[in-house]
Visitor: 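Below are the structure tokens for one structure; questions will follow.
Along the sequence shown, the residues carry numbers beginning at 1.
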Amino acid sequence: MQRRNFILGAFAVLGLGGWALTSRTGGNSTDITNLPGAANAQSTSGDIDTSMIEDMVQGNPDADVTIIEYASFTCPHCAAFHSGPYKQLKADYIDTGKVKFIYREVYFDRPGLWASMMARCGGQERFFGIVDLIYKGQNEWARAGEPVAIVNELRKIGRLAGLDSDTLEACLQDADMAQSLVAWWEENGNRDDISSTPSFLINGKKHSNMSYADMKALIDAELPS
């Protein structure tokens, strides 16, 4: 379970140095001086307009129960949730119209932010499918080593999801989006007091990671009898 308190200043601490790299493989240059634009995103939420950031939503918008998941793409517990309990939740409650499900990204590190930028590149229509691929491949891309290797593994996932190279690169290079996402996460995290992942708001009440049986009981208690 990843926690927020050790990373609040990470973007500022890691700052501008060390991530401006150029990797050459097979004669081709992969410049990540600004790749993604997230590399130098820092904590300035009070100065950034986050209105462009949309929630990623599944299910019935008028459902009696709304679940907001806060998760980091580099969090193993989040990957475990999405490989098991989430699939049950989707089948039992989201697809049946009983739950509106909102996924909100948490940025404990820059690879997690890069993964988010790539996932959002597909828009609402492709987002959750890309999320599945990111979590399935977490052990490979998140542990790829140097930043350029991580980005290249994320590119592979994006292409597997059907994103063309030009679209993918534009998303990964979008520095304004990177800054807005960091600010958006800070606003969400502060408002909802998110300190670990995965965390869940079920009709506004915060809960930490739990078994599917426990989540099911909480959902059923909120549904009309």
Side-chain angles (χ1 to χ4, degrees), residues 4 7-12 14-16 19 32-63 66-75 78 82 94 100-135 147 150-151 154-155 157-159 161-194 197-201 204:
R4 181 170 178 248
I7 198 66
L8 279 174
F11 293 102
L14 293 174
L16 301 176
W19 289 65
I32 63 168
T33 299
N34 296 302
L35 178 59
N40 298 320
Q42 298 195 25
S43 172
T44 54
S45 58
D47 303 321
I48 296 175
D49 179 10
T50 60
S51 61
M52 74 173 80
I53 309 300
E54 61 179 335
D55 273 327
M56 295 300 177
V57 182
Q58 285 182 315
N60 175 13
D62 300 316
T66 296
I67 297 177
I68 302 174
E69 179 192 4
Y70 281 97
S72 164
F73 283 123
T74 57
C75 162
C78 300
H82 276 264
I94 299 172
K100 174 185 177 182
F101 180 77
I102 301 171
Y103 182 96
R104 288 182 181 163
E105 302 97 295
V106 172
Y107 305 125
F108 286 143
D109 46 50
R110 281 176 285 190
L113 177 57
W114 300 344
S116 174
M117 293 172 73
M118 191 268 290
R120 285 176 169 270
C121 198
Q124 289 275 359
E125 182 178 349
R126 293 183 177 179
F127 179 79
F128 286 97
I130 297 175
V131 167
D132 285 344
L133 292 174
I134 289 172
Y135 279 128
I150 293 172
V151 171
L154 288 172
R155 283 192 181 103
I157 293 173
R159 288 192 290 268
L163 299 175
D164 65 80
S165 294
D166 289 343
T167 299
L168 185 57
E169 292 309 309
C171 290
L172 289 173
Q173 295 279 3
D174 192 341
D176 289 339
M177 175 61 76
Q179 293 282 2
S180 295
L181 284 170
V182 172
W184 175 75
W185 143 238
E186 288 188 341
E187 291 172 0
N188 290 335
N190 289 330
R191 182 187 61 249
D192 293 331
D193 191 27
I194 303 302
T197 57
S199 290
F200 304 92
L201 297 184

Visitor: Distance check, rounded to the nearest 0.5 Å: Met118 atom CE versus Leu133 atom CG?
Guide: 8.0 Å
Visitor: Where do Leu172 and Met117 come nearest, in terms of heavy atoms and distance?
Guide: O-CE, 3.8 Å
Visitor: So, taking the atom named CG in Leu154 and the one named SG in Cys171, what distance separates them when rounded to the nearest 0.5 Å?
Guide: 12.5 Å
Visitor: So, do Tyr70 and Phe200 have ring centers that fall under 6.0 Å from each other?
Guide: no
Visitor: Any idea which heavy atoms bring Lys100 and Ala63 closest together, and the distance?
Guide: N-CB, 3.5 Å
Visitor: Sequence neighbours excluded, which residues qualify as ring pair (Phe, Tyr, Trp, His ring centres under 6.0 Å) partners of Phe127?
Guide: Tyr103
Visitor: Of the non-hydrogen atoms in Ala115 and Ile134, which two are nearest, and what is the gap between them?
Guide: O-CD1, 3.6 Å
Visitor: Sort out for me which residue in Gln179, Glu186, Glu187 forms a side chain to side chain donor-acceptor pair (under 3.5 Å) with Thr50.
Guide: Glu187
Visitor: Of all the heavy-atom pairs spanning Ser72 and Tyr135, show the shortest one and how long it is.
Guide: O-OH, 3.4 Å
Visitor: For a side-chain contact (heavy atoms from CB on, under 4.5 Å) check, start with the C-alpha distance between Asn188 and Ile68, then their side-chain angles and the critical distance, and finish with the verdict.
Guide: CA-CA 11 Å; Asn188 290 335; Ile68 302 174; over 6 Å; no
Visitor: Under 4.0 Å between a Lys/Arg side-chain N and an Asp/Glu carboxylate O for Glu54 and Arg120?
Guide: no
Visitor: Any chance you could lay out the side-chain contact (heavy atoms from CB on, under 4.5 Å) test for Glu105 and Trp185, step after step, and finish with the verdict?
Guide: CA-CA 7 Å; Glu105 302 97 295; Trp185 143 238; over 6 Å; no
Visitor: If you take all heavy atoms of Cys121 and Thr167, which pair is closest and at what distance?
Guide: SG-O, 3.4 Å
Visitor: If every non-hydrogen atom of Ser116 is compared with every non-hydrogen atom of Leu181, which pair is closest and at what distance?
Guide: OG-CD1, 4.2 Å
Visitor: Could you walk me through whether Met177 and Ile53 pass side-chain contact (heavy atoms from CB on, under 4.5 Å), step by step?
Guide: CA-CA 8 Å; Met177 175 61 76; Ile53 309 300; 3.3 Å; yes
Visitor: Does Arg104 form a side-chain contact (heavy atoms from CB on, under 4.5 Å) with Ile194? I'd like the steps, not just the answer.
Guide: CA-CA 11 Å; Arg104 288 182 181 163; Ile194 303 302; over 6 Å; no
Visitor: Say whether, by atom type as modelled, one donor and one acceptor occur between the side chain of Gln124 and the main chain of Gln58 under 3.5 angstrom.
Guide: no
Visitor: CD1/Ile67 to CD1/Ile94 distance, rounded to the nearest 0.5 angstrom?
Guide: 6.5 Å
Visitor: Could you label the plane-to-plane angle of the Trp184 and Tyr107 rings as parallel, tilted or perpendicular, counting under 30° as parallel and over 60° as perpendicular?
Guide: tilted
Visitor: State whether the side chain of Arg110 and the backbone N or O of Pro147 hold a donor-acceptor pair below 3.5 Å, judged by distance alone.
Guide: no
Visitor: So, the side chain of Asp49 versus the backbone of Ser51: is there a donor-acceptor pair under 3.5 Å, distance only?
Guide: yes
